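These figures come from a predicted structure and were not determined experimentally. In each ligand, atom 1 is the first atom listed, and ligand 1 is the first ligand listed.
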Amino acid sequence: MKIKKAVFPVAGLGTRFLPATKAMAKEMLTVVDKPIIQYAVEEAFAAGIEQIIFVTGRGKKALEDHFDRSFELELTLEKKKKYDTLKMLQELVPKTGTIVYTRQNEPLGLGHAIWCARDIVGDEPFAVLLADDLIQSSTPVLSQMISRFDRLRASIAAVMEVEPDQTDKYGILDADEIEDNVVRVRGMIEKPKPEDAPSNLAIVGRYILTPKIFDYLGENKAGAGGEIQLTDAMGQLLKEQPIFGYKFQGTRFDCGDKAGFQMANLAFAMERPEIRGKLAKFISQMGQNFCIERK
Ligand code: G1P
């Protein structure tokens, strides 16, 4: 079965980025010149996704407007003969009906956010993308995962190795490597302390899930941090169905973290020919100054 739907939990308040996110959705923070959410949406479409499901909340209007037409802006660009910019803006708006919105009325956690999309997803396997995890790769990570899904026919989470003292920031797997870059999951724990972690293999925000997950998400059991955790529901699902971890090809940036967000900006800016030269010069000067200061 083809993966056609992707759920984007975008209801979070973004408190780590205050005051920037006081009156602005955190998903609208820009990496170079595009909001974080646009990178994830482009990744989903590039992987063949046909329907985007945003699980939003209060204060996310800008996100909805971003993927909608702006006639005033288009008219102005047309009058000014800025046809390239006009085309770019028009291409950014998906076909009417491709994006569906639902709301998470209470901040009960990632698992709950995904459960809010249950009726829209229905009875088919689907993708989940956490936009905060921005990944630079030549093949979109979701495409890499869908080609694994076509063979494995089971739920898959993107994973990467993290520093052992960082396990309390992630869902961590207990797993066995079964082939190159694929592990079979034995168990998973959300945000374990380093001394309790079964490994340093961490879940990154890309998942393909079978619809059975909704049965467990619907049990509404709070886990780590008092929130309904996707990791816990996946742990339950494991009793019935296999789950795999996929070590993706690419570099992941944690845009939910200030340092990670700055690194993403640098890395993505360096991919732009029109910026690269100036930036590289600046970075090397900064590096020299920094080294001098440290000596
Ligand atoms: C969520 C998941 C966690 C995963 C992480 C990846 O946590 O609950 O299992 O490792 O995303 O970014 P959050 O970062 O939302 O706290």
- Task: Quick one: look up the protein heavy atom nearest atom 11 (O) of ligand 1 and list residue, atom name and how far away it is.
- Result: L130 CD1, 3.4 Å
- Task: Answer with yes or no after comparing the ring centroid distance for F261 and F17 against a 6.0 Å cut-off, counting only values under it.
- Result: yes
- Considering only protein heavy atoms, determine whether one is less than 4.0 Å from atom 9 (O) of ligand 1. yes
- Counting both backbone and side chain atoms, is some N or O of K169 under 3.5 Å from an N or O of ligand 1? no
- Task: Taking atom 15 (O) of ligand 1 as the reference point, report whether a protein heavy atom occurs under 4.0 Å from it.
- Result: no
- Query: Which bit of D132 gets closer than 4.0 Å to ligand 1, counting heavy atoms only: side chain, backbone, both or neither?
  - Reply: neither
- Message: If we only consider heavy atoms of E227, is any one of them less than 4.0 Å away from an atom in ligand 1?
- Response: no
- Task: Taking atom types as modelled, find out whether K87 and Q90 have a side-chain donor-acceptor pair closer than 3.5 angstrom.
- Result: no
- Could you establish whether K191 and ligand 1 come within less than 4.0 Å of each other, counting only heavy atoms on the residue side? yes
- Task: Assess the pair F268 and Y39: is the distance between their ring centroids shorter than 6.0 Å?
- Result: yes
- Should E190 be counted as touching ligand 1, given the test is an N or O pair under 3.5 Å? yes
- Query: Which atoms of ligand 1 have any heavy atom of Q229 under 4.0 Å away?
  - Reply: 8 (O)
- Query: Does one side chain, of Q249 or Q144, offer a donor that lies under 3.5 Å from an acceptor on the other?
  - Reply: no
- Message: I'd like to check which ligand 1 atoms, numbered from 1 as shown, lie under 4.0 Å from a non-hydrogen atom of R252.
- Response: 12 (O)
- Near-ring test F149/Y207, centroid separation under 6.0 angstrom: no
- Query: Does K247 pair with E177 as a salt bridge, N-O distance under 4.0 Å?
  - Reply: yes
- Query: Counting from 1, what ligand 1 atoms have a heavy atom of T231 closer than 4.0 Å?
  - Reply: 9 (O)
- Does the N or O separation between G171 and ligand 1 drop below 3.5 Å for any pair? yes
- Electrostatic pair R206-E43, nearest N-O below 4.0 angstrom: yes
- Query: If we only count N/O pairs under 3.5 Å, is I203 in contact with ligand 1?
  - Reply: yes
- Item | Close approach of D133 to ligand 1, heavy atoms, under 4.0 angstrom | yes
- Query: Do the side chains of L134 and M263 join up, straight or via other hydrophobic residues, at under 4.5 Å, putting them in one cluster?
  - Reply: yes
- Start with the C-alpha gap between Q136 and E271, add the side-chain angles, then the distance that decides, and say whether side chain to side chain donor-acceptor pair (under 3.5 Å) holds. CA-CA 10 Å; Q136 198 172 40; E271 279 192 333; 3.1 Å; yes
